[in-house]
Amino acid sequence: MTTVRIPAGWPATEEQARAVQDELRSRVVLDEDGPGPGTGHVTGVDVAYDDERDVVAAAAVVLDAATLDVVAEATAVGRVSFPYVPGLLAFREIPTVLAALDALPCAPGLVVCDGYGLAHPRRFGLASHLGVLSGHPTIGVAKNPFTFTYDEPGPARGNTSPLLAGTEEVGRALRTRDGVKPVFVSVGHRVSLDTACAHTLALTPEYRVPESTRRADSLCRQALKEALSPGETGVSDYRV
DNA sequence: GCGACAG
DNA sequence: ATCTTGTCGC
């Protein structure tokens, strides 16, 4: 597991963070379809926090897109780099997530984020931000509609409805299991919305949430526990 | 001004 | 996100 420091020049205020989003937003690539579902690698990323101790752990889990078997894993631990502010989630997660991605022994392929991409107040959510900084194709799969509106999709797995910011479609509500609350899919970087939804369906043969996120979620929680466990060498680094 | 608000 | 036991069900 690698350790991370907050990057120099990292925004310290909400105003600065919003300015960074406005600046980087122009680098998002939206004219690529992205890798086809069921081919290559799909990587889930997620983070867990201990705000008391100011520690954050990230995990990246690479799956074979065809079989959903785990191909590789990596974790990283760092200090919390920003408070949670709706619309500024990326500043809280990205340094540690990037470190986990960098620690992977293979190419991640499509990166699946726990949150939003284009479906964001300034059209630059976590998935888009991570895509621009890493260069990888990314999508966002969120469990809640955030500030957006949507009509309930049909009851069957695969049914969708537009996720709307006013009249603009910023993503899609996608039912991944029959009769179960949908997830909310949006484009991050270098992937079309159709491709993003197809991948999300391919990643949910059994559960509502993508297998990639489930794997990354359990791994980052485990990494956080280990980083905080007594006697762990890493802990001292976060108390300085 | 007040409430809502990804994780 | 996180705080948290048991419990109902496949």
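As a whole-Å value, the separation of K225(A) NZ from dC3(C) C1' is 13 Å. Rounded to an integer number of Å, the gap from NE2 of H129(A) to P of dA6(B) is 19 Å. The distance from atom OH of Y207(A) to atom P of dC10(C) is 15 Å, rounded to the nearest whole Å. Rounded to whole angstrom, the span from the CZ atom of F148(A) across to the C1' atom of dC5(B) amounts to 10 Å. The CG atom of L88(A) sits 18 Å away from the P atom of dA1(C) (whole-angstrom rounding). Going from atom CG of L89(A) over to atom C1' of dA6(B) covers 6 Å, rounded to whole Å. The CZ-P distance, from F91(A) to dA6(B), rounds to 17 Å in whole Å. Rounding to whole angstrom units, CG of residue L126(A) and P of dC5(B) are separated by 19 Å.
Between E206(A) and R214(A), no side-chain nitrogen of the basic residue sits less than 4.0 Å from a carboxylate oxygen of the acidic one, so the salt-bridge criterion is not met. One finds no salt bridge joining R208(A) and D178(A) here, because no Lys/Arg side-chain nitrogen approaches an Asp/Glu carboxylate oxygen to under 4.0 Å. Between R18(A) and D22(A), none of the side-chain N atoms (NZ, or NE/NH1/NH2) sits under 4.0 Å from a carboxylate O, so this pair counts as no salt bridge.
Evaluation of Y49(A) against the base of dA1(C) yields no stacking contact (centre distance < 5.5 Å, interplanar angle < 30° required).
Looking at DNA chain C, no stem turns up: there is no run of 3 or more consecutive Watson-Crick or G-U wobble pairs with key distances under 3.5 Å.
Of the side-chain N and O atoms in K143(A), one or more sit less than 4.0 angstrom from OP1 or OP2 of dG7(B). Distances shorter than 4.0 Å separate none of the side-chain N or O atoms of N144(A) from OP1 or OP2 on dC5(B). When the side-chain nitrogen and oxygen atoms of R221(A) are compared with OP1 and OP2 of dA1(C), one or more of them lie within a distance under 4.0 Å.
No side-chain heavy atom of V80(A) sits less than 4.5 Å from a side-chain heavy atom of V55(A). Residues L63(A) and L203(A) are in side-chain contact: their nearest non-hydrogen atoms beyond the backbone lie under 4.5 Å apart.
Between the side chain of H189(A) and the main chain of L130(A), no donor-acceptor pair closer than 3.5 Å is present.
Within 4.0 Å (heavy atoms only), G140(A) reaches no atom of the nucleic acid at all. No contact: D51(A) has no heavy atom under 4.0 Å from any strand.
Each side chain to side chain donor-acceptor pair (under 3.5 Å) pair with one or both residues in residues 110-119 of chain A, not counting sequence neighbours, appears once here: D114(A)-K143(A).
Closest to the side chain of A48(A), out of dC5(B), dG7(B), dT2(C), is dT2(C).
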